[in-house]
Amino acid sequence: MSSKAAEVIEEGAPQTLKAMQMNNHSMVTEIFLLGFQNLNDFKILIFSLILLIHILTIFENVLVIVLVTISQHLHSPMFFFLQQLSLSDLLESMLIVPILLRTVINEGAKISLIGCIVQLYILAITEALLCFLLTVMSYDRYLAICNPLRYSSIMNHRFCVKFILMSWLLALSFPQVTVIYSAIQEFCNQNTINHYFCDYFPLLELSCSDTSLAQIFAITVSFPVILIPCLFIIGSYICIAHEILKITSNIGRQKAFSTCSSHLAVVSIFYGSLIVTYVVPTRNQSQTIGKLLSLLYTVVTPFINPMIYSLRSADMKTALENVIH
């Protein structure tokens, strides 16, 4: 072989190797979700429990949506927001729990890469919408308790519709940045995610591209979507608590505090798990702990939200009785 031919081969080798790597990257067309491993004898029990929670979650949230739609006396701002909250919870539960059940019973599940990114985007929309709705609802409670004389003039139907449209618009817009960055990543031969759904940071770990910018964008977007609404809610409930302390009746004060405490419990569970997962993620965090935290906002919160916010209401119970009878 001549020296010139050898030089051509040497020059072509890097391009050939690069082309082979690109082909390998493009071969990743599906993702394998590990879910919860080594469940052994508890697999059927856990599957049954999650399935029961899923059925109850769908029933509760559909019930709230239907009752608010057909009952005239539930056409108030708070129940209008609760209807949207139930819609968000319903979408999230139907998106995540079926694939969770598959990972439990089959010890893993396959999903296409495109399906994985679509699932990630829809989940991000529902979570962002939930953040904004909880913020709007805290403002509604603040006005009702701290400024009742102006409540009706401020919280009119037009104002509520604007709030809801703005919440949906923001929820559809903010996640696009992070999802686009995840979609343009190059994924190597590794296609296994140690999770039960396509979460953002576990998906980035499969990328062979530089993900530092994608991680920075995710944390940056989490501030207006998670932290700022959380701080607003805390501020609203501090004002509400201050107003409740002015109530002279012990019974009235206890009733008001019990309502606020249950709302704060849901908010704490939801935002606490989101902040640990997305705002301050750490590589040292146990993957099992990460999956358990995700259960709080993908399974537990959609299940308890209707019970805490809606179905305990006397107006909701009356509407249900009217429908039954």
Side-chain angles (χ1 to χ4, degrees), residues 54 56-97 121-144 151-152 154-176 224-226 228-230 232-233 236-237 259-260 262-271 273-274 296-313 315-317 319-320 323:
H54 183 49
L56 291 174
T57 300
I58 292 174
F59 174 76
E60 291 169 349
N61 286 290
V62 169
L63 182 63
V64 171
I65 293 169
V66 171
L67 286 177
V68 174
T69 302
I70 66 176
S71 301
Q72 290 293 327
H73 68 282
L74 294 181
H75 291 176
S76 63
M78 190 59 178
F79 285 108
F80 182 52
F81 297 141
L82 288 172
Q83 186 184 47
Q84 297 297 312
L85 186 72
S86 287
L87 178 60
S88 176
D89 285 336
L90 184 64
L91 289 173
E92 182 174 19
S93 183
M94 294 179 71
L95 176 72
I96 298 299
V97 179
Y121 180 51
I122 297 174
L123 176 65
I125 291 171
T126 59
E127 294 300 337
L129 181 62
L130 204 56
C131 289
F132 297 133
L133 286 174
L134 290 173
T135 307
V136 171
M137 287 163 59
S138 71
Y139 179 64
D140 177 87
R141 290 300 86 198
Y142 164 78
L143 282 179
Y151 179 80
S152 298
I154 295 175
M155 277 292 175
N156 54 52
H157 181 71
R158 185 178 179 182
F159 190 71
C160 292
V161 171
K162 284 183 178 179
F163 257 136
I164 294 300
L165 290 176
M166 188 179 297
S167 297
W168 273 101
L169 182 62
L170 292 173
L172 289 167
S173 302
F174 275 114
Q176 287 184 11
V225 175
I226 300 173
I228 293 176
C230 183
F232 186 89
I233 290 170
S236 298
Y237 276 103
T259 303
C260 288
S262 60
H263 290 188
L264 280 174
V266 174
V267 169
S268 300
I269 292 171
F270 176 70
Y271 276 102
S273 56
L274 280 185
L296 291 178
Y297 65 84
T298 58
V299 179
V300 176
T301 302
F303 173 60
I304 64 175
N305 270 349
M307 292 187 287
I308 297 296
Y309 285 107
S310 304
L311 299 178
R312 291 176 61 191
S313 165
D315 291 333
M316 189 69 74
K317 289 177 182 176
L320 183 58
V323 171

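All heavy atoms count here, side chains included; hydrogens, waters and symmetry mates do not.
- For the side chain to side chain contact (heavy atoms under 4.5 Å, CB included) with Asn61, the qualifying choice from Leu90, Leu91, Val66 is Leu90, the only one to do so.
- When atom types are taken as modelled, the side chain of Ser71 and the backbone of Val68 share no donor-acceptor pair closer than 3.5 angstrom.
- Leu87 contributes atom CG, which lies 12.5 Å from atom CG of Leu82 (distance to the nearest 0.5 angstrom).
- Atom OH of Tyr142 is surrounded by 12 or fewer heavy atoms from other residues, nucleotides or ligands within 6.0 Å.
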Identify all side-chain donor-acceptor contacts of residues 154-174 below 3.5 Å with residues at least two apart in sequence or on another chain.
{"unit_1": "Asn156", "atom_1": "OD1", "unit_2": "Arg158", "atom_2": "N", "d": "3.3"}
{"unit_1": "Asn156", "atom_1": "OD1", "unit_2": "Phe159", "atom_2": "N", "d": "2.8"}
{"unit_1": "Asn156", "atom_1": "ND2", "unit_2": "Ser153", "atom_2": "O", "d": "3.2"}
{"unit_1": "Ser167", "atom_1": "OG", "unit_2": "Phe163", "atom_2": "O", "d": "2.9"}
{"unit_1": "Trp168", "atom_1": "NE1", "unit_2": "Gln84", "atom_2": "OE1", "d": "3.1"}
{"unit_1": "Ser173", "atom_1": "OG", "unit_2": "Leu169", "atom_2": "O", "d": "2.7"}

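- Scanning both residues, Met78 and Asp140, for their nearest heavy atoms gives SD-OD2, 3.2 Å.
- Judged by distance alone, with hydrogens and angles left aside, the side-chain atoms of Thr126 form a donor-acceptor pair with the main-chain N or O of Leu123 at under 3.5 Å.
- What you find for Phe81 and Met137 is that their closest heavy atoms are CB-CG, 3.6 Å.
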message: Working note: Leu63 + Leu320, criterion side chain to side chain contact (heavy atoms under 4.5 Å, CB included); need CA distance, chi angles, decisive distance, verdict.
response: CA-CA 9 Å; Leu63 182 63; Leu320 183 58; 3.9 Å; yes
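- With sequence neighbours left out, the side chain to side chain contact (heavy atoms under 4.5 Å, CB included) criterion links Ser138 to Phe232, Ile233, Ser236, Tyr237.
- The minimum heavy-atom distance linking Leu74 with Met316 is given by the pair CD1-SD, 3.9 Å.
- At a threshold of 4.5 Å between non-hydrogen side-chain atoms, the residues Gln176 and Tyr121 count as touching.
- To the nearest 0.5 Å, atoms CD (Gln83) and CG (Leu133) are separated by 11.0 Å.
- The line from CG of Asn305 to CG of Asp89 is 4.5 Å long, rounded to the nearest 0.5 Å.
- Residues Tyr309 and Leu134 form a side-chain contact, since some pair of their non-hydrogen atoms from C-beta on lies under 4.5 Å apart.
- Here the closest heavy-atom approach between residue Phe132 and residue Pro224 is recorded as CE2-O, 3.9 Å.
- Closest approach of Thr57 and Pro302 over heavy atoms only: CG2-O, 3.5 Å.
- Among residues two or more places apart in sequence or in another chain, the side chain to side chain contact (heavy atoms under 4.5 Å, CB included) test is passed with Ile226 by Cys131, Ser222, Tyr271, Leu274, Ile275, Tyr278, Val279.
- Across Asp315 and His73, no two heavy atoms sit closer than the pair O-NE2, 3.3 Å.
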